[in-house]
Amino acid sequence: MKAAVWYGKKDVRVEEREVKAAQAGQVKIKVQYAGICGSDLHAYHHGVGIQEGDKHPLSGQNAPLTLGHEFAGVVSELGDHVSGINVGDRVVVEPLYHCGKCEYCIQGRYNQCTQFGFVGLNGDGGFAEYVVVESYMVHALPDNVSFEEGALVEPTAVALHAVRHSKLKVGQKVAVYGAGPIGLLTILSAKAAGASEIYAVDVFDERLNLAAKLGAIPVNSAQVNATETILQQSGGIDVAYEAAGVQPTMDSAIAVIKKGGEVVVIAAIPTPLQVNFFELLVKEANLTSTLAYRHIFPEVVSLIAEGALDVKQVITKKIKLDNIVEEGLELLMSDKSHAKILIEING
Ligand SMILES: [Zn+2]
Ligand SMILES: [Zn+2]
């Protein structure tokens, strides 16, 4: 089968790989659509986030690894001791390895598992014609949710988990910093949660135009002072979501929230930022963060099925697996007009 395999920084090869068999407790999936994520870009451009050296304790794998953790497809084979899933089922994969035994897993906080890992970064992923995953990762897709939408469930879960984890109440005002895929899906999630006004802050007009289509008020922080603009128009924000993760956006997020407000960090910020704790203290405000998601895939799928989350709107391009490097991993770095690029695999 064809697979996009990470060998090293700037070295992702589309090559023939053997199709693995589903072992006990595992499910083989024929992939239909897969989405390219920011963490795939980090792995490709910076060589970070991939399982190198020792094998991952739960996947038993290390690089070279097939990328891809946002995907949907059809079940094609079951290993022994798998129940509740049938060959031919349309499914989406929640790509988190977790041990089920550590303190955090026992509390149900499996996204905090001490052996946490991602399919597609710590084990072979979905940028391939077939992928083998653990049966506990598999969720059913109803017939009225397309495979394209299925490929968007994972990043939407990140956004919805952040919104649900936050203090946002119906009718409150929101600012979302960063209008990339996660920022855009956070806008949709905040809208679904009943936010009355949503400000989207970015420096690229193309992304802000998409944000505006989703119902946000665009603020281009390269052209105007985002903090002043938002404060003037809104009178203060209840919850700011930080999906950009740079110093100016962090400063602005803290500055625009009301007394008692909240800043939620969703971005994986690689370098330490300064935080104005005095301003937080004076406002008695919360600064919090969320990691991935837990116990939320079925709800994301239902919200998409009901039309409450129109996630298709963040798709800006569909490509073939053969062209993943030029038309995906390279293009997403050079052309910021794109949000989510999907790879059509067996479709
Ligand atoms: Zn991702
Ligand atoms: Zn665990």
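Indexing begins at 1, ligand by ligand and atom by atom, following the structure's order. These figures come from a predicted structure and were not determined experimentally.
- If you check the side chains of Lys10 and His45, you find a donor sitting under 3.5 Å from an acceptor.
- Cluster annotation: Val82 and Tyr136 are assigned to the same hydrophobic cluster (Ile/Leu/Val/Met/Phe/Trp/Tyr, side-chain heavy-atom contacts under 4.5 Å, transitive).
- Here the angle at the Zn ion (ligand 1) defined by NE2 in His69 and OE2 in Glu70 stands at 100°, rounded to 10 degrees.
- Sorted by first and then second residue, the ring-ring contact (aromatic ring centres under 6.0 Å, His included) pairs involving residues 56-96 (not counting sequence neighbours) are His56-Tyr97, His69-Phe118.
- The ring-ring contact (aromatic ring centres under 6.0 Å, His included) check on Phe147 picks up nothing, with sequence neighbours excluded.
- Electrostatic pairing of Glu344 and Lys320 counts as a salt bridge here, judged by a charged N lying under 4.0 Å from a carboxylate O.
- With sequence neighbours left out, Asp322 forms a salt bridge (charged side-chain N to carboxylate O under 4.0 Å, His left out) with Lys2.
- Listing protein N, O or S atoms at distances below 2.8 Å from the Zn ion (ligand 2), with waters left out, gives Cys99 SG, Cys102 SG, Cys105 SG, Cys113 SG.
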